[in-house]
Protein chains: 2
Amino acid sequence: MTYRIPSLNGLKAFEAAARHLSFKAAAAELGVTAGAVSQQVKRLEMSLGISLFRRLPQGLLLTREGAAYLPDVSRAFDALTDATEAVAPALNGRKLSLGVDPLVADRLPNGWPRHSKELEPYVRETRVTDDVELIWSNELDALLLAAKTRHGSLSERAICLNGIAAALYFVTRPGLAECRQSRAIIESLES
Amino acid sequence: MTYRIPSLNGLKAFEAAARHLSFKAAAAELGVTAGAVSQQVKRLEMSLGISLFRRLPQGLLLTREGAAYLPDVSRAFDALTDATEAVAPALNGRKLSLGVDPLVADRLPNGWPRHSKELEPYVRETRVTDDVELIWSNELDALLLAAKTRHGSLSERAICLNGIAAALYFVTRPGLAECRQSRAIIESLES
DNA sequence: ACGTGAGACTTAGAAAATCTCGGTCTACTG
DNA sequence: CAGTAGACCGAGATTTTCTAAGTCTCACGT
């Protein structure tokens with residue numbers, strides 16, 4: 001099973017340039033320079049062996065092939081975006097589910113985090129557990145543990161309570177290690 | 001208009017690994033090493049903020065999220081492949097359409113290329129014209145011209161007849177410059 | 001219990017793809 | 001006839017991706 005798919009960056013550049021009929025405008029949208037878009041599109045055309053645009057001095061025009069390609073590409077992008085958004089909502093505004101090791105649950109600041117106003121936007125639920133597997137299965141986003149894990153590929157951050165190193169570790173999937181939610185939880189603990 | 005799409009290489013690695021439930025097998029299919037697939041998938045998981053696989057020492061298992069993501073990704077890949085194949089059939093086995101400058105049409109080897117057996121698999125049609133625009137509009141794949149073009153971004157190759165430089169140039173879109181079809185046409189002329 | 005093999009992981013360094021920047025060209029515009 | 005806008009090119013820098021070599025865990029057979 002093998003697919004014939006051109007470079008995604010090339011397709012993105014094509015799609016944006018075709019919508020704007022301008023490399024410059026497309027570049028602004030994509031956050032790169034116009035030269036980069038020009039090169040991407042050229043590479044794409046080379047890999048396909050056809051021309052997608054007619055370059056006129058006053059701007060771009062789609063060729064027949066380019067015009068035929070564009071809607072299909074856009075639809076595929078939509079489908080990928082929807083699927084991605086469905087399986088992994090953008091981190092912005094997402095609330096984490098947090099597990100707390102039974103060994104640390106009683107050592108925490110009183111009522112933490114249930115009654116912490118500042119954490120409310122970042123934590124969806126809290127559960128008492130020390131099962132690292134729950135992270136790998138995406139049932140939990142992060143864990144507060146009393147001991148270092150041995151699962152090397154998890155991200156682990158030691159916490160200081162009142163400025164003193166405590167046997168307390170914030171453990172997440174690497175993908176969540178540096179997000180705002182994680183930072184907020186850690187700060188709330190250390191302050 | 002902006003899409004949220006993870007890296008295409010990451011998605012390809014995920015798709016192949018999910019089908020085989022093995023990074024090693026996926027790597028073989030993709031023609032890279034297993035380490036590369038592992039890294040691609042990890043990057044993808046980080047960018048999404050979720051885990052797609054459970055790594056067991058004896059192999060892979062899809063997480064619930066991974067299993068949900070896979071069919072959507074496959075469908076999108078199918079759609080892109082179909083669209084690409086429709087607009088630009090793979091170069092393998094494709095025949096080029098060739099334009100011949102009226103100024104050179106009579107100087108060519110007798111009957112060329114109509115009665116050339118060796119060119120038959122590579123040339124679909126021949127037309128007498130010197131209009132470079134036909135290349136940009138994909139109506140022609142290549143041109144035999146009597147003079148250099150001034151369209152810098154076209155690929156241009158000087159032809160020698162009987163070992164002597166002639167006023168004869170093979171002009172194509174860059175994407176077709178080095179394909180077998182082009183080489184065959186040039187060789188047939190120079191021999 | 002102890003090798004052995006398979007499969008995944010990590011890391012450093014190499015290789016490739018991509019971006020930026022500066023300069024050029026062409027066609028519009030006042 | 002400048003001046004401007006948009007696209008192109010090439011060189012060099014930067015970022016991404018790949019490879020290679022070594023480690024770890026588990027299953028299996030002796």
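In what follows, every heavy atom counts, from backbone to side chain, and hydrogens, waters and symmetry copies are set aside. Order of the sequence lines fixes the chain letters, A, B, ..., with proteins taken first and strands second; residue numbering starts at 1 for each chain.
Within a 6.0 Å sphere centred on CZ of Arg180(A), heavy atoms belonging to other residues, nucleotides or ligands number 12 at most. Counting heavy-atom neighbours within 6.0 Å of Arg64(A) CZ, excluding the residue itself, gives a total of 12 or less.
To the nearest angstrom, P of dA27(C) lies 19 Å from NZ of Lys24(A). The interatomic distance linking Lys12(A) (NZ) with dC19(C) (P) rounds to 10 Å, in whole Å. For the pair Leu60(A) CG and dA27(C) P, the interatomic distance rounds to 16 Å; values are reported in whole Å. Here the C1' atom of nucleotide dT15(D) and the CG atom of Asn9(A) are 12 Å apart, to the nearest Å. Distance Leu30(B) CG to dT19(D) P: 10 Å, rounded to the nearest Å. As rounded to whole Å, 12 Å separates atom P of dA8(C) from atom CG of Leu61(B). Between the CZ atom of Phe23(B) and the P atom of dT19(D) there is a distance of 15 Å, rounded to whole Å. Protein atom CG of Leu8(A) is 14 Å distant from nucleotide atom C1' of dT16(D), rounded to whole Å.
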What's the verdict on side chain to side chain contact (heavy atoms under 4.5 Å, CB included) for Leu48(B) and Thr84(A), showing C-alpha distance, side-chain angles and the deciding distance?
CA-CA 8 Å; Leu48(B) 297 178; Thr84(A) 303; 3.5 Å; yes

Report the C-alpha distance between Arg75(A) and Asp78(A) in whole Å, list the side-chain angles of each, state the deciding distance to 0.1 Å, and finish with yes or no for salt bridge (charged side-chain N to carboxylate O under 4.0 Å, His left out).
CA-CA 5 Å; Arg75(A) 254 194 302 280; Asp78(A) 282 337; over 6 Å; no

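In this structure, of dA8(C), dT20(C), dC9(C), it is dT20(C) that holds the atom nearest to the side chain of Thr33(A). You'll find that the side chain of Val32(A) is closest to dT20(C), out of dT20(C), dC9(C), dT18(C). Proximity note for Ala36(B) (side chain, C-beta onward) versus dC8(D), dC19(C), dT19(D): the nearest is dT19(D).
When the side-chain nitrogen and oxygen atoms of Arg55(B) are compared with OP1 and OP2 of dC9(C), one or more of them lie within a distance under 4.0 Å. Side-chain N/O atoms of Arg43(A) include none lying less than 4.0 angstrom from OP1 or OP2 on dA17(C). Within the 4.0 Å cut-off from OP1 or OP2 of dG7(C), not a single side-chain nitrogen or oxygen of Ser22(B) is found.
For dT19(D), the base has a donor-acceptor partner in the side chain of Gln39(B) [N/O atoms by modelled type, under 3.5 angstrom]. You won't find any donor-acceptor pair under 3.5 Å spanning the side chain of Gln40(B) and the base of dT16(D), going by distance alone.
Using a 4.5 Å cut-off between side-chain heavy atoms of Ile, Leu, Val, Met, Phe, Trp and Tyr, with links allowed through other members, Tyr3(B) and Phe77(B) fall into the same hydrophobic cluster.
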